[in-house]
Amino acid sequence: MKAYLAVFRIRFAHTIQYRAAALAGVVTQYAWGFMELLMFSAFYRVNPEAFPMTFQQIVNYIWIQQAFLALFMTWFWENEIFETINTGAIAYEMARPLDLYGRWFCQSVATRTARCLLRALPILLVAFIIPGPLRMTLPPDAGQFLLFLLSAVLSLGVVVAFSMLVYISTFYTLSAVGMRVMAAVVVDFLAGGTVPLPFFPPAIRTVVELTPFAAMQNMPLRIYSGNIAGTDAALGIGLQLFWLAALVFCGWRWMQKALQKVIVQGG
Amino acid sequence: MIELQGICKTFRVAKRKSGFRRAVKALVSREIETVHALSDVSFTVKDGEMIGYIGPNGAGKSTTIKIMCGILTPDSGNCVIDGRTPWKERTAHVRHIGVVFGQRSQLWWDVPVCDSFDLIRDIYRVEETAYRQTLEELTELLNLAEILKTPTRSLSLGQRMRCEIAASLLHRPNMLFLDEPTIGLDAVSKIAVRQFIKRLNKEQGTTVILTTHDMQDIEALTERILLIGKGRILLDGSLDELRRRASVQKTLVVEYSGAPPALSAGMTLAESREGRMVITLNPAVCPASEAIARIAAQTDIVDVSVSGISAEEMVAALYQEYEI
């Protein structure tokens with residue numbers, strides 16, 4: 001365990017060096033958040049009754065999404081992992097007494113938490129003090145907030161476990177570009193990255209809400225905003241637990257199989 | 001103790017000739033060729049031995065090393081290292097070995113070398129006092145003091161290679177696999193690395209397996225040599241044995257003043273200029289002592305030297321002999 005923590009630590013320390021990138025990220029997130037909110041407020045001005053979430057819920061959903069983007073984004077990849085596989089540096093990784101799945105998992109979680117730490121606070125600060133209807137509010141009660149925290153952690157796990165599948169697929173395809181583009185567009189959409197899932201047509205929504213994608217940012221964001229509460233929240237967290245376990249198990253098994261077949265080419 | 005028995009490994013390689021039409025054709029049906037990287041490789045290495053593993057490019061050296069490190073699973077055959085099968089008990093096995101792949105890097109590119117070392121310490125769970133001591137020793141022996149705080153990316157190749165070797169030894173492995181550790185090093189770094197490896201083997205009893213194309217590495221380091229070609233072990237013996245086998249030729253260089261001497265049976269002129277002759281001798285016909293005596297009788301010898309063939313030439317001759 002200590003070894004994996006060490007991987008986490010060096011990765012965290014490494015990522016936190018990039019302050020300029022974080023600053024640029026924060027500015028982008030402000031701009032993006034405001035744009036989305038302006039769009040939604042235009043819709044809500046026409047008929048606030050026509051939508052499945054209240055405007056305040058949308059405001060909270062989007063600000064949390066922007067603040068914690070680094071944790072939940074499905075289109076972010078550890079380029080180092082792709083490089084390791086493509087260049088054959090994986091030979092060294094395999095010559096270490098570590099489980100490669102665990103190592104890459106820790107590394108991914110570390111990068112995401114480090115990036116999030118730098119970006120979240122300034123975004124939340126502004127979201128809580130801006131005047132007018134775009135101001136973010138606290139969750140309904142402390143219990144709901146705790147559920148949000150738990151759900152956020154699980155969501156991070158599901159996102160990373162999913163990206164692990166893409167990393168492992170590189171052992172077979174040598175290039176992950178196809179998978180990456182797919183994940184960027186489809187998964188992000190199905191996870192509620194573009195539009196919250198309640199806005200989906202009911203039939204599609206019912207199906208999507210059972211997939212692992214619904215166990216990603218969809219769950220913590222809706223729990224924070226109060227759109228999901230009580231038993232529904234507990235069920236949602238159950239779904240997250242299930243998908244996390246399933247994805248980790250499949251990924252780990254697949255990795256073992258891939259490593260049996262791996263051929264480090266050249267010298 | 002390393003025991004390999006009947007290890008076989010094949011790779012499937014897609015091949016096609018150049019040209020647009022063939023590229024289109026390859027879309028439909030690809031020619032897959034099976035390459036026998038290793039066929040029936042067996043050898044045993046005792047604890048504390050230092051082995052030179054040589055062979056031409058593509059002979060299967062790196063493949064063997066990768067199998068012994070647990071990175072590659074062979075198609076058939078057994079490999080037992082200290083009681084473990086590397087690819088089955090990979091994590092337990094690699095804890096006790098050190099590896100240097102000369103063509104790759106294990107150091108983090110952007111952070112100072114010592115940070116990479118610290119990470120390796122944590123991965124192998126090396127105790128702090130033992131780590132400090134090992135690091136101190138390595139720093140002194142490989143002359144790392146100046147470069148430990150430098151990020152890897154700003155090191156020269158020779159500096160980086162010394163750090164790579166140190167990185168592979170931080171957990172004090174009792175077995176070290178070196179895959180071309182002196183590739184691209186200058187003369188000074190090469191000698192430093194060789195001395196270090198030699199010392200490690202002598203003082204710590206570390207088993208060393210070394211692949212290289214640099215025959216001076218082999219001459220300086222190893223007593224036992226394994227020659228591999230086309231996936232088979234062709235020879236297993238000491239450098240001297242190989243040398244005797246490869247060729248008996250000797251080279252005689254004579255510097256003289258006076259009339260050029262005439263050559264007799266068993267001597268062939270390889271090179272000649274005013275006052276200097278290089279003669280290839282066949283000692284079976286004309287031993288070196290006799291050749292010198294004959295030349296001395298005809299002219300005044302200023303200087304004379306006799307040498308066997310270099311390791312480089314010997315290996316080239318061996319490759320030719322085995323048609324590899």
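Computation of the quantities below employed the complete heavy-atom set of this structure, encompassing side-chain atoms and omitting hydrogens, waters and symmetry-equivalent molecules. Reminder, nothing fancy here: chain letters follow the sequence lines and each chain counts from 1.
Here CD1 of A:Ile168 is found 6.0 Å from CH2 of A:Trp254. Values are rounded to the nearest 0.5 Å.
A:Gln66 and A:Arg119 are not linked by any side-chain donor-acceptor pair at a separation below 3.5 angstrom, with hydrogens and angles left out of the test. Between the side chains of B:Asn201 and B:Thr206, no donor N or O sits under 3.5 Å from an acceptor N or O. At a cut-off of 3.5 Å, with distance as the only test, no side-chain donor of B:Arg162 or B:Ser189 sits close to an acceptor on the other residue.
Neither the backbone nor the side chain of B:Ile65 comes within contact range of chain A, judged by heavy atoms closer than 4.5 Å. B:Val111 touches chain A through its side chain: at least one heavy atom from C-beta onward sits under 4.5 Å away, while N, CA, C and O do not. Using a 4.5 Å cut-off between heavy atoms, A:Leu98 touches chain B through backbone and side chain atoms alike. The part of B:Ser105 that comes within reach of chain A is its backbone (N, CA, C, O), which places non-hydrogen atoms under 4.5 angstrom from that chain. For chain A, the nearby part of B:Glu164 is the side chain; its heavy atoms alone come within less than 4.5 Å. Using a 4.5 Å cut-off between heavy atoms, B:Trp109 makes no contact with chain A at all. Only the backbone of A:Glu93 comes within contact range of chain B, with at least one heavy atom under 4.5 Å from a heavy atom of that chain.
Across B:Ile123, B:Asp115, B:Val99, the residue that shares the most heavy-atom pairs under 4.5 angstrom with chain A is B:Ile123. Contact tally against chain A (heavy-atom pairs below 4.5 Å) for B:Val100, B:Asp118, B:Thr211, B:Ile97: the top residue is B:Val100.
Taking the ring pair (Phe, Tyr, Trp, His ring centres under 6.0 Å) definition, one finds that A:Tyr30 meets it with nothing, sequence neighbours left out. Residues forming a side chain to side chain contact (heavy atoms under 4.5 Å, CB included) with A:Leu121 (at least two apart in sequence, or on another chain): none.
Close approach to chain A, defined as a heavy atom under 4.5 Å from one of its heavy atoms, is seen in B:Thr73, B:Trp87 of residues 73-87 of chain B, taken by number.
The pair B:Glu128-B:Arg121 meets the salt-bridge criterion, since a charged nitrogen lies less than 4.0 angstrom from a carboxylate oxygen. A salt bridge links A:Arg11 to A:Glu78: at least one charged side-chain nitrogen sits closer than 4.0 Å to a carboxylate oxygen.
Side-chain atoms of A:Arg112 do not come within 3.5 Å of backbone N or O of A:Gln107 as any donor-acceptor pair.
Screening residues 148-181 of chain B for ring pair (Phe, Tyr, Trp, His ring centres under 6.0 Å) gives B:Tyr124-B:His171 as the qualifying pairs, with residues at least two apart or on separate chains.
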